[in-house]
Amino acid sequence: MADSPIDIRVIAHFDIDCFYAQSEVLRCPSLRGRPVGVTQKFLVVTTNYIARSLGVPKMVSIDEAKKVLPALVLVNGEDLTPYRAESKQIMAVLGRYGVVQRSGLDEGAVDITAQVKARLQCGFPALSFSSHILGWEAVSGEPGNDSGGTFVNVDSTKLELEKISGVDTALLVGSQVVSEMRSAIEKETGFQCSCGVAQNKMLAKLASSLNKPSKQTCLLSGAVERFIAPLPARKIPGVGRQTEAILLDLGVQTITDLKKVSVCQLSERLGARIGQFLYDACRGRDYTPVLDKGPPKSITVEDSFRNCTTLQQAEGILRVLAPDLIKRLDEDRVETGRRPKSLTLKWRVQGPKWNFISVSTDLPVELLSPSLSKEQRAAVAVEVASRLLLRNLGHSFHLVVLNIGATNFVETSTSDPAVRDIRSFLQAQGNSPRKELKVTSKNDARARRESFKTMTSALPAGPTGAVLGLNFSAVADSQKTPDTHIFGSGHVGDEYQLSNSSDEEDGWRDLADQLKSGVRASCPTATNFTQTQSYKDVSDQLQSQQSTDLLHSKSIFKTSHPAKLKQFFVENEDVMKLESPDSQRAGVTNTGGLHFRTQTAGSSRIANSIAKREVVPESTSQKKKRKSRNGTLDAFVIRK
DNA sequence: TGGGGTCCT
DNA sequence: AGGACCC
């Protein structure tokens, strides 16, 4: 019965190898061959396999990672925008082969049953792929390997087809499909992935993590029990820390142990749903279909920090988060036509507990109103959110995470003319010149100064006396992503000392003041940017502490405070409006590049500070974008 | 431990 | 609104 073709499913679980790290390497080819870690705040959240082989696992602190491997290249990955875009590409490739259920940006299950059936329709198809296979001995007569499966170059001409059951036949054909899918992903997106092939989502996922990176594993029917029996119960997707603790209390460590517990006992301790789920799971059963979950049910942005204890500081953070949220909501609306009905605010306070506190309210209509500028809508979001905070926080508080988001999406019918108008308006907005940026509530200098204080005090303190290389890119009117910034590309020859302060906060303020007092822009030549130095050179200089050379090279640095940088540009865009006939001719709305560095620090201190920052060469996609603008350099330097 | 998400209660 | 889970 279970073997009846109608029950057979072939499920593939895909897992992009160290997704963030691979993404960074792909966008910055000079990182290839080097150990790379992607950081968020003080954490290295992912490392590539080179780094892992040199002893740096994922999810370790930056300090720890650097201690183990000083040569580790760190790239900041707090902004998920590029990862989201790449994930979308990958999922689109998967979608050509069947229904995809994604989980996170880098994983997904695909039901490839239909593909397999189509290939079996004309008899047994030719197979030619490489895979680890569990249960190989039963279908081949060759000796097998129980830990991780036998690595096989499958050649269908050598298989004894009579010995192979319907399920296993389907799984082998599925493995052929998966092999082709992996090639397609790599060819079309550049990404390598690992993959598991099995009869259901759970088994496919477990199989996918068996051989990494860039390998696929097929779990044949005869090996299912042997494979899962020794696994810790915790390995079952859906069993987390709490459930594990309860199971341990029941004397359950492995899946074998779990099998001995009755459904009743499990349900008693964990509830009927989880009880039944565990009962099935430890027997390798998972009947849940692969379901396309559609667009996200919530869109949120968040930031973490150390020292937010006043409402003013919280507002400063919200002012950074809100524009990001607005932008993502606009993009979602163009794609899906729906609109969110609720605004949520979540925060976490300092303390031992991991607790998030959340409140939600009706999302104000102005937030989505096409008659308001993005900036005005962001200001609305900030106001509403800070009022929510004010209502829910006592006089004294200490926030460490702040999250603002939208949920409760409702479809807006596309036949409604008003909705169509809004959609076309939003679509057109991406193609039309940007409106003048008005800083709504922050026009007087004092308020702005306060805001800077807020920003800087709310963010973790960076090393002082550091070199900061900044740049923000020109964006042609026709480009779809008007807010793309190329952080940190530049040229030291173009670098002007705008601050004498050794304190970063003062530096920012100096910079703002000087901009206001008539600092002028000029346009350097394009060669400044095309000769961007390779990462390797910069890195070698870092290693050998040649700080002087480094300062005079065309190095690229990423600011340690991208949020602050962004805020800076938003608040100063009026004074930074650069005058250039070129830019006007090119239809460029706003361009600029600026550098400042502090002078009081000695060179070794500077070198130290540099070493703590990420070296981020211009990525190839950025380069391409720049070149696509006809060789016009839309970047400027603030000149004294 | 980040910056996101899901679903269930 | 919060909890447990996932990456």
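Scope of the values below: all heavy atoms of this structure, side chains included, with no hydrogens, waters or symmetry mates. Here is how names work: the chains are called A, B, and so on, in the same order as the sequence lines, proteins then strands, and each is numbered from 1.
- A:Ser194 and A:Asp17 are linked by a side-chain donor-acceptor pair at a separation below 3.5 angstrom, with hydrogens and angles left out of the test.
- Judged by a 6.0 Å distance limit and a 45° cone about the ring axis, A:Arg283 is positioned over the six-membered ring of A:Tyr279.
- Remark: A:Glu107 pairs with A:His13, A:Lys205 by the side chain to side chain donor-acceptor pair (under 3.5 Å) rule, at least two apart or across chains.
- A:Val301 comes within contact range of the sugar-phosphate backbone alone, with a heavy-atom separation under 4.0 Å but no base atom that close.
- Only A:Arg273, A:Lys293, listed by number, bring a heavy atom of residues 259-294 of chain A to less than 4.0 angstrom from any atom of DNA chain B.
- Between A:Tyr20 and A:Tyr83, the angle of the ring planes stays under 30°, which puts this pair in the parallel group of the 30/60° scheme.
- Taking A:Lys297 as the reference, nothing meets the salt bridge (charged side-chain N to carboxylate O under 4.0 Å, His left out) condition, with sequence neighbours excluded.
- Screening residues 236-248 of chain A for side chain to side chain donor-acceptor pair (under 3.5 Å), with sequence neighbours left out, gives no hits.
- In this structure A:Phe227 satisfies the ring pair (Phe, Tyr, Trp, His ring centres under 6.0 Å) test with no other residue, sequence neighbours excluded.
- Within the model, atoms CD of A:Gln253 and CG of A:Leu258 stand 12.0 Å from one another, a figure rounded to the nearest 0.5 Å.
- Using a 4.0 Å heavy-atom cutoff across all strands shown, A:Phe42 reaches sugar-phosphate atoms only and no base atom.
- From the 5' end on, the contacts that DNA chain B makes with chain A at under 4.0 Å to a non-hydrogen atom open and close at B:dT1 to B:dT9.
- The side-chain contact (heavy atoms from CB on, under 4.5 Å) check on A:Asn355 picks up A:Lys353, with sequence neighbours excluded.
- Using a 4.0 Å cut-off on heavy atoms, none of the residues of residues 383-403 of chain A approach DNA chain C.
- Among the atoms of the strands shown, base atoms are found under 4.0 Å from some heavy atom of A:Leu43.
- Paired with A:Ser342 under the rule side chain to side chain donor-acceptor pair (under 3.5 Å), one option of A:Asn408, A:Asp362, A:Thr361 passes, and it is A:Asn408.
- Residue-level contact check: A:Arg102 touches neither bases nor backbone, having no heavy atom under 4.0 Å from any strand.
- For A:Asp332, the side chain to side chain donor-acceptor pair (under 3.5 Å) test picks out A:Thr336, A:Arg338, with sequence neighbours left out.
- Applying the salt bridge (charged side-chain N to carboxylate O under 4.0 Å, His left out) rule to pairs touching residues 264-275 of chain A yields A:Asp249-A:Arg269, sequence neighbours excluded.
- Applying the salt bridge (charged side-chain N to carboxylate O under 4.0 Å, His left out) test to pairs two or more places apart or on separate chains, none has a residue in residues 195-204 of chain A.
- Nearer to the 5' terminus of DNA chain B, by closest-nucleotide assignment, is the contact made by A:Val60 (compared with the other of A:Leu321 and A:Val60).
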Using a 4.0 Å heavy-atom cut-off to protein, can you give one letter per nucleotide of nucleotides 2-7 of chain C, 5' to 3': B if the base is in contact, S if only the sugar-phosphate is, - if neither? SSSSSS
